[in-house]
Structures are given as structure tokens and as C-alpha cells.
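The shown structure was predicted, so the numbers you read here are calculated from the model rather than taken from an experiment. Residue numbers count from 1 along this sequence.
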Amino acid sequence: MNIAMKEITEQAEQAEQAEQAEQAEQLLTKRRKPYARSILVGLAIQVVIVDAMFAAYAIKGAHWAIPAATMNVWIGAAAIQVIGVVFCVTRMFPVGRSQQSVSG
């Protein structure tokens, strides 16, 4: 009987710890979401501004005779920036940790 009570107590403690871990994960996710949204909105705004500036350069400055090197640098920089920001945001929300806390 003593062993059964000990097992029940241990299971209750484990359930409580799992619940606390899940609540902590939910709190972290709640705190991180505004940052992630702000970063993505900022990225979108920046890309639109840079595209507008590039279009203005193409229309007014180069008369659509843009050198290939300029196009390559512009597209490469935009791609690297988008990939970098998406990488940072996905690092804020690791999938494995959330699944472990739910299934654990």
C-alpha cells in the first residue's frame, strides 16, 4: 500500500511539472509573438521601400538600362535578408520543444 501511494504521489508531481512546463512554454510563445510579427512587418515594409527606390532608380536614373551586376546585388541582398529574418523568427519558435512539452 505504501508503494502504491508513493507511485501516485510521483505521478501527481510529474503531471504538475508537465503542466507547469506547458504553461511556461505558452507564456514564452505569447511574449515572442509580438516580436515575430513586428520583425516580419518591418521586413515587408523595408522590402517595399527598397523595391520602390530601385524602381525609381530604374525609371529616372538608369532609364531601365540597369547593369546586370546591380540587379544581382539587389536580388541577392533581398534574398539574404528575407532568409535571415525568417531564420531568426523560426528560431524564436522551435517546433521540437513545443512538441516535446505537449507529448512529454
Single-linkage hydrophobic cluster, 4.5 Å side-chain cutoff, I75 and V50 together: yes

Enumerate, atom names and distances included, each donor-acceptor pair closer than 3.5 Å involving a side-chain atom of residues 51-63, sequence neighbours excluded.
none

Pair listing, side-chain hydrogen bond (donor to acceptor under 3.5 Å, both in side chains) test, anchored in residues 37-47, at least two apart: Q46-Q81

Qualifying side-chain hydrogen bond (donor to acceptor under 3.5 Å, both in side chains) pairs, either residue in residues 67-78, two or more places apart: none

Shortest non-hydrogen contact between V85 and I39, atoms and distance: CG1-CG2, 3.2 Å

Which distance, rounded to the nearest 0.5 Å, do you find between the [atom1] of [X] and the [atom2] of [Y]?
X: E25; Y: E22; atom1: CD; atom2: CD; value: 9.0 Å
X: K33; Y: L28; atom1: NZ; atom2: CG; value: 12.5 Å
X: C88; Y: I83; atom1: SG; atom2: CD1; value: 12.0 Å

For I45, side chain to side chain contact (heavy atoms under 4.5 Å, CB included) partners two or more places apart: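 In terms of side chain to side chain contact (heavy atoms under 4.5 Å, CB included), with neighbours along the sequence ignored, I45 is linked to V41, I49.
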
Contacts of A36 that satisfy side chain to side chain contact (heavy atoms under 4.5 Å, CB included) - sequence neighbours left out: V89, F93

